[in-house]
Amino acid sequence: MAADRRIVIENCSIATVDAHDTEHPSGHVVIAGNRIESLGAGRAPEGLENVDRRIDATGHLVTPGLVNTHHHYYQWITRGLATDHNLFNWLVALYPTWARIDEQMVYAAAQGSLAMMARGGVTTAMDHHYVFPAGSGDLSGAIIRAARETGVRFTLARGSMDRSEKDGGLPPDFAVETLDGALAATEATVKEHHDSSFGAMTQVAVAPCSPFSVSTELLREGAELARRLGVRLHTHGSETVEEEQFCKELFGMGPTDYFESTGWLGEDVWMAHCVHMNDSDIAAFARTKTGVAHCPSSNARLAAGIARVPDMLAAGVPVGLGVDGTASNESGELHTELRNALLINRLGAHREAALNARQALRLGTYGGAQVLGRSAETGSLEAGKLADLVLWKLDTLAHASIADPVTALVFGAAAPVTASFVNGRQIVEHGRLLHVDEDAIARSTREQAQRLARIAAQG
């Protein structure tokens with residue numbers, strides 16, 4: 001939409017998730033081009049010019065779009081497998097299948113993952129893709145193409161693995177890259193696809209997979225590469241007790257100390273999970289402003305444990321929410337993570353004081369934007385920020401009797417998305433995607449899942 005063209009949204013509840021948690025029981029939002037021009041209580045100002053559309057949002061809550069901070073799209077076509085395994089056994093069971101993915105499969109899986117998130121209010125997505133079998137095609141390009149078609153803002157965390165079974169790692173030998181190959185391919189991906197400008201639709205991070213599958217050299221040189229190129233860093237950290245044991249046995253220190261020794265703590269770094277963190281670990285993350293992608297459903301699915309999110313927030317650690325790969329979160333929806341983050345954390349030491357509804361919403365919006373390094377652009381509704389926002393319908397049977405709209409959104413059933421805007425462009429209307437064919441994607445993902453299963457069975 002041209003910068004001087006406007007969309008006016010009125011008669012809605014608004015949760016801005018700004019620094020003051022400003023809310024309006026009945027207010028308006030004015031979009032001009034790809035930015036939020038103004039918002040506030042009551043109706044929009046009179047005399048606005050070039051208004052292309054007015055939306056009566058009675059019965060709706062408007063929030064910033066949700067921000068997903070950790071995912072593995074390729075796993076969309078291996079959902080429902082190894083459902084009673086912990087992380088280690090799950091990885092051992094699925095790596096031989098994942099190692100046979102190709103460009104066609106990855107594209108279909110990315111379409112499915114992105115479609116499900118976008119339908120549920122995600123406006124900024126990411127994918128941590130680290131499986132690059134030889135001869136599998138342009139996997140990074142396929143993922144980025146799917147994100148562009150869906151219409152979401154996107155970060156590709158270009159992953160890598162160079163520690164295979166023969167080196168004491170988990171992936172099959174034929175599923176990893178060499179150290180030099182991984183670094184060169186990552187650098188090429190950054191140079192081809194990363195956009196550092198304000199409002200960028202595509203960014204790239206450097207993202208070696210995990211201590212189980214990555215050499216110390218790849219971690220250290222990956223961090224140096226990211227900082228030379230001016231991009232962010234992402235990996236898995238402190239997900240299980242087995243990881244802590246692995247790091248102590250192999251490196252003589254716990255995961256956080258190991259990461260710090262390789263240059264992997266800093267305000268340009270975010271890590272997925274961080275379940276098994278002691279006070280010293282949390283203090284190190286807070287001191288360095290290292291971010292955390294909290295994935296409550298996946299942590300529960302794989303019996304990894306409960307991350308100390310309340311303690312992280314109290315210490316000043318940036319925390320966002322993640323879906324994680326859909327082979328460990330079969331729904332693939334981030335809006336359900338708002339509720340799960342709140343409920344699961346209340347099972348921990350802080351009990352009912354762990355998180356409240358507004359803290360959960362902040363994790364899924366501003367917290368995620370902060371973790372991805374984009375909080376100056378998105379994550380809250382403020383004049384001048386990008387027009388990434390969602391209209392949640394809260395006047396139906398599922399929510400109408402809950403007086404507080406934020407409580408309804410977080411504690412209640414998954415709320416329908418009437419409209420979702422990214423960069424001022426609408427991508428969802430009445431729960432349906434506007435720019436891709438959901439039914440065609442469903443057929444394609446099923447076909448590719450069946451194809452991968454056949455290839456894996458043949459060995």
Side-chain angles (χ1 to χ4, degrees), residues 65-79 94 98 101-120 122-133 136-161 182 185-186 189-190 192-195 200-210 213 222 226 231-236 270-273 291 293 295 298 320-334 337 368-369 371-374 422 427 436 441 445 448:
L66 301 183
V67 179
N68 184 31
T69 63
H70 186 64
H71 211 321
H72 309 295
Y73 294 172
Y74 74 92
Q75 293 181 16
W76 187 265
I77 56 175
T78 58
R79 293 189 296 164
L94 293 179
W98 293 340
I101 57 175
D102 61 23
E103 182 176 341
Q104 190 176 3
M105 295 174 190
V106 168
Y107 174 66
Q111 284 187 306
S113 298
L114 287 156
M116 203 67 189
M117 284 188 293
R119 288 179 64 206
V122 168
T123 57
T124 298
M126 68 81 67
D127 184 30
H128 185 192
H129 188 87
Y130 51 83
V131 184
F132 291 90
S136 56
D138 182 9
L139 305 189
S140 294
I143 297 164
I144 290 170
R145 185 169 77 253
R148 185 178 300 120
E149 291 166 353
T150 307
V152 299
R153 203 175 301 284
F154 181 61
T155 294
L156 174 68
R158 203 291 181 183
S160 52
M161 301 186 294
T186 301
T189 302
V190 172
E192 181 176 0
H193 296 291
H194 180 71
D195 181 358
M201 292 299 292
T202 304
Q203 295 195 333
V204 179
V206 174
C209 183
S210 71
S213 55
V231 298
R232 298 181 74 76
L233 301 89
H234 181 57
T235 192
H236 297 87
W270 85 104
M271 296 191 195
H273 303 296
C295 305
S298 177
L321 292 182
V323 169
D324 202 8
T326 43
S328 66
N329 176 348
E330 273 66 15
S331 75
E333 297 177 296
L334 190 69
E337 299 302 310
V371 162
L372 295 183
R374 308 207 66 172
V422 180
I427 66 167
V436 292
I441 291 172
T445 57
Q448 293 305 315

Where do G332 and W76 come nearest, in terms of heavy atoms and distance?
CA-CZ3, 4.4 Å
How close do S140 and R158 get, counting heavy atoms only, and between which atoms?
OG-CG, 4.0 Å
Side-chain heavy atoms of N329 within contact of C295, under 4.5 Å
no
How long is the span from the CE atom in M105 to the OG1 atom in T78, to the nearest 0.5 Å?
11.0 Å
Return the minimal non-hydrogen interatomic distance between I77 and A109, and the atom names on each side.
CG2-CB, 4.1 Å
NE2-CE distance between H193 and M201, expressed to the nearest 0.5 angstrom
15.0 Å
Please check this pair: side chain of Q203 against backbone of T155, looking for a donor-acceptor N/O pair closer than 3.5 Å.
no
Looking at every non-hydrogen atom in both residues, tell me the closest pair between H273 and S298 and how far apart they are.
CE1-OG, 4.2 Å
Quick check for you: to the nearest 0.5 Å, what is the distance between E337 atom CD and L321 atom CG?
7.0 Å
What distance do T326 atom OG1 and M116 atom CE have between them, rounded to the nearest 0.5 Å?
10.5 Å
Using 0.5 Å steps for rounding, measure from the CG atom of L334 to the CG atom of D324.
11.5 Å
Donor-acceptor pair, side chain of R232 and main chain of V371, under 3.5 angstrom
yes
Sequence neighbours left out, cut at 3.5 Å: what donor-acceptor pairs do the side chains of residues 122-129 make with other protein atoms?
residue: D127; atom: OD1; partner: Y73; partner atom: N; Å: 2.8
residue: H128; atom: NE2; partner: A207; partner atom: O; Å: 2.8
residue: H129; atom: NE2; partner: V131; partner atom: O; Å: 2.7

Could you go step by step and tell me if H71 and M117 meet the side chain to side chain contact (heavy atoms under 4.5 Å, CB included) rule?
CA-CA 11 Å; H71 211 321; M117 284 188 293; 3.4 Å; yes
Taking all atoms of both residues into account, what is the closest heavy-atom pair of L233 and A226, and its distance?
CG-CB, 3.6 Å
Under the side chain to side chain donor-acceptor pair (under 3.5 Å) rule, what pairs show up with a residue in residues 141-151, not counting sequence neighbours?
Y107-E149
As a quick check of understanding, evaluate side chain to side chain contact (heavy atoms under 4.5 Å, CB included) for L372 and T69, giving each step before the final call.
CA-CA 7 Å; L372 295 183; T69 63; 4.3 Å; yes
Decide yes or no on side chain to side chain contact (heavy atoms under 4.5 Å, CB included) for H72 and S328, but give the supporting numbers first.
CA-CA 10 Å; H72 309 295; S328 66; over 6 Å; no
Check each of P208, S210, S160, C209 against Y130 using the side chain to side chain contact (heavy atoms under 4.5 Å, CB included) test, and report the only one that passes.
C209
Donor on one side chain, acceptor on other, H234 and H236, under 3.5 Å:
no
Check: T186 and V206 side chains under 4.5 Å, non-hydrogen atoms
yes
How long is the span from the NE2 atom in H194 to the OG1 atom in T189, to the nearest 0.5 Å?
12.5 Å
Applying the side chain to side chain contact (heavy atoms under 4.5 Å, CB included) criterion to L114, which one of N68, V152, I143 satisfies it?
V152
Indicate the atoms forming the closest heavy-atom contact of H70 with A293, along with that distance.
CB-CB, 3.8 Å
Flag the pair D102 / P133 as yes when at least one side-chain heavy-atom distance between them is below 4.5 Å, and no otherwise.
no
